[in-house]
Amino acid sequence: MSLLDFAIQITKKYIEQMPKSQRKKYGQFFTSKETAVFMAELFEVSANREKLHILDAGAGSGILSVALIERLQTIPRLQYIHLVCYENDPQIIELLRANLQWVCQHSTLRVDYEIREDNYILSQMLEYNGMLGAEPDPLKYDMVIGNPPYMKIAKDAPEAKAMPDICYGAPNLYFLFAAMGMFDLCPNGELVYIIPRSWTSGAYFKKFRQKFLKDGVLEHIHLFVSRDKVFENESVLQETMIIKVRKATAIPENVVITTTQSNKDFSNKTTFEAAYNTVVSGEDKYVYLVTNEQEVETLELLNRWSNTLPSIGLKMKTGLTVDFRNREALRDVVEDHAVPLFYSQHIQDGKVVFPIGKEHEYIVTNQASLLQPNANYLFVKRFTAKEEHRRLQCGVYLARKYPDYSKISTQNKINFIGGLKELSECIVYGLYVLFNSTFYDCYYRILNGSTQVNSTEINSMPVPPLESIEQMGKALIKSRDMTEARCDQILRSFIYEQNRGSKRDTKRIASAS
């Protein structure tokens, strides 16, 4: 029996006897055999290496460590591995020890291991922060491999306080582990982690991205098409990815991006190489998950615009009313002082339809924070299913259709785009052209792997000047065709005219000089 097959076999027995609720307390989800093998193969090892220091933080049963050691047995001159595993779940430490003892007895390499039953983050807090009297750990690692715990913690949790330079709000343990893993690497060392995709964009992860991608460079990204087939028998619906990062400052020319349907067949994967500056972009270090030339072209086309919604006086915001927290204010039918409360169900075929006979579609309240002016808006659904054709689903809301109300409200499962001044109908229709087009839907999918439409990301996306948006809106109104195809046609023709105009300007400048 191979080293990895032994570890997988006894881990499965552990999973069968340990309730998922118990494992969830530690954010514990086990890596499949195929995923572990793929992750181990991502490391580059010189044929001349004779010894290696490896770290597996949050080691669980040791599946990733065992997979890596099994792979390293093929390195001709390698003789010695020193492995450090952090694990503080008392329920699984004996299983981890049994797996590592099996490895020591049956590996063709000499393997020494340590199991550190410490909190991985807190045990290095002083050294990480360069605090007085902290003794630097003389052991830095050539390789860090991990499937860190996926668990949100409070913003004042000890782990969050231990890494203040990367935390914003209530962090998730997984990105604290990734940042500490980078800290533990020796120069030119490699980190391979399986983590959620959520870190790639948004303000919440900004400080982490900026530090992580300053200290290291992305070399490989692997994406899974099916989010429910990454962790065997775990029903994990988190959008997940595998990353390989090198602790270096020299920017590589390209990032390799591979994709598979699930974790079962990595041999049947698509491979695409994108320019590093296309994937990692801007001061906020957003990571754009492009998988083909068409997606790269979409980025290049839209990134020619330097405007964003806030820069032209507009902004996407999240709906104001959390309905279950304001039940006493909700009404099923209209009554005195009631105003409409709009939900995602009111967005239908590009328009906002009201009323629809839905429960709680009116609200009676004096809370200013739950009310907004009855003005023109573009409503956008916040949540869609992964399998749906579009991530961005929007509807035009026109104030003149509801003349009886000076105020309205929006449920917090929709977003709305408005401005400091009342938007003209042409501008709202122009915004619809943008956000109902395949260009913008594709751009958002590249920017954000989740099924939630976040206002932070939308407000960071490039948009044309306001007068151009207004012209597109006029074209849509004239055509009376709200389809995606018509929006694509209008936007494409505008981009074509803009490009043709810029080429004319370039020729004019060249002839004048």
Side-chain angles (χ1 to χ4, degrees), residues 152 154-155 168-172 198 201-205 237-239 309-310 314-334 337-348 350-386 388 390-399 402 405-420 423 428 431-432 435-436 441 444 447-461:
K152 202 166 185 177
K155 63 182 178 181
Y168 174 83
N172 196 301
S198 49
S201 63
Y204 184 74
F205 298 94
L237 294 182
Q238 177 67 261
E239 296 280 348
L309 289 175
L314 306 176
K315 196 170 186 180
M316 174 177 275
K317 297 180 181 180
T318 301
L320 307 180
T321 298
V322 181
D323 49 354
F324 68 85
R325 290 180 184 161
N326 296 277
R327 287 194 179 97
E328 73 289 344
L330 305 182
R331 303 289 187 272
D332 293 340
V333 295
V334 68
H337 309 297
V339 301
L341 173 60
F342 291 96
Y343 294 77
S344 60
Q345 293 93 325
H346 292 111
I347 300 172
Q348 299 179 13
K351 300 173 183 176
V352 175
V353 179
F354 183 91
I356 57 173
K358 182 189 182 309
E359 67 173 359
H360 302 157
E361 61 181 349
Y362 293 92
I363 185 169
V364 178
T365 182
N366 291 320
Q367 290 187 59
S369 62
L370 301 183
L371 298 172
Q372 61 200 85
N374 182 20
N376 297 329
Y377 299 102
L378 185 73
F379 288 168
V380 182
K381 292 183 181 181
R382 268 187 74 201
F383 297 95
T384 56
K386 180 178 172 65
E388 289 191 66
R390 292 189 56 85
R391 186 69 68 244
L392 300 180
Q393 299 183 23
C394 48
V396 171
Y397 175 83
L398 300 178
Y402 306 94
Y405 303 102
S406 61
K407 300 285 185 181
I408 63 169
S409 188
T410 44
Q411 194 236 11
N412 79 321
K413 290 184 180 176
I414 67 171
N415 297 310
F416 61 91
I417 299 176
L420 299 177
L423 298 186
V428 175
L431 291 170
Y432 179 84
F435 292 103
N436 193 54
D441 193 68
Y444 189 81
L447 178 60
N448 185 305
S450 78
T451 55
Q452 181 172 330
V453 177
N454 293 313
S455 55
T456 301
E457 278 91 336
I458 294 294
N459 287 327
S460 74
M461 290 172 65

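Just so it is clear, the values below take in all heavy atoms, side chains as well, and ignore hydrogens, waters and symmetry mates. Please read these numbers as outputs of a predicted model, since none were measured by experiment.
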Check step by step if side chain to side chain contact (heavy atoms under 4.5 Å, CB included) holds for Tyr377 and Val352. CA-CA 10 Å; Tyr377 299 102; Val352 175; over 6 Å; no
Sub-4.5 Å side-chain heavy-atom contact between Asn326 and Thr365: no
Answer whether the closest heavy-atom distance between the side chains of Leu447 and Ser460 falls below 4.5 Å. yes
State the OG1-NE2 distance between Thr321 and His360, to the nearest 0.5 angstrom. 13.0 Å
Results of side chain to side chain donor-acceptor pair (under 3.5 Å) for Glu388 - residues two or more places apart only: Gln393
Does NZ belonging to Lys358 count more than 12 external heavy atoms closer than 6.0 Å? yes
State whether the side chain of Asn459 and the backbone N or O of Ser455 hold a donor-acceptor pair below 3.5 Å, judged by distance alone. yes
State, to 0.1 Å, how close Ala203 and Thr456 come at their nearest heavy-atom pair, and which atoms those are. N-CG2, 3.6 Å
Could you tell me whether the side chain of Gln411 and the main chain of Asp323 form a donor-acceptor pair under 3.5 Å? no
Student check: side-chain heavy atoms of Phe383 and Ser344 closer than 4.5 Å: no
When rounded to the nearest 0.5 angstrom, what is the spacing between CD in Gln345 and CD1 in Ile414? 9.5 Å
Looking at every heavy atom in both Lys155 and Gly169, which two are closest together, and how far apart are they? CB-O, 3.3 Å
Ile417 and Met316, any side-chain heavy atoms less than 4.5 Å apart: yes
Rounded to the nearest 0.5 Å, how far does CD1 of Ile458 lie from OG1 of Thr318? 10.5 Å
Residues in side chain to side chain donor-acceptor pair (under 3.5 Å) contact with Arg390, at least two apart in sequence or another chain: Glu484
Pairwise side-chain contact, Arg382 with Asn412, heavy-atom cut-off 4.5 Å (strictly under): yes
dist Ile408:CD1 -> Ile363:CD1 (nearest 0.5 Å) comes out at 11.5 Å
Between CD on residue Glu457 and CD on residue Gln452, distance to nearest 0.5 Å: 9.0 Å
Between Lys381 and Val453, is any pair of side-chain heavy atoms under 4.5 Å apart? no
Write down the atom of Gly395, the atom of Ile347, and the distance for their closest heavy-atom approach. N-CG2, 3.6 Å
Would you check if Tyr343 and Ile356 make a side-chain contact, meaning some heavy-atom pair closer than 4.5 Å? no
Can you confirm whether or not the ring centre of Tyr362 sits under 6.0 Å from the ring centre of Phe354? yes
Could you grab the distance from atom CG of Leu378 to atom CG of Leu398, nearest 0.5 Å is fine? 10.5 Å
Could you tabulate the donor-acceptor pairs under 3.5 Å formed by side-chain atoms of residues 367-376, not counting sequence neighbours?
{"residue": "Gln372", "atom": "OE1", "partner": "Thr410", "partner atom": "OG1", "Å": "2.7"}
{"residue": "Asn374", "atom": "OD1", "partner": "Tyr397", "partner atom": "OH", "Å": "2.6"}
{"residue": "Asn374", "atom": "ND2", "partner": "Tyr402", "partner atom": "O", "Å": "2.9"}
{"residue": "Asn374", "atom": "ND2", "partner": "Tyr405", "partner atom": "O", "Å": "2.8"}
{"residue": "Asn376", "atom": "OD1", "partner": "Ala399", "partner atom": "N", "Å": "2.9"}
{"residue": "Asn376", "atom": "ND2", "partner": "Leu423", "partner atom": "O", "Å": "2.7"}

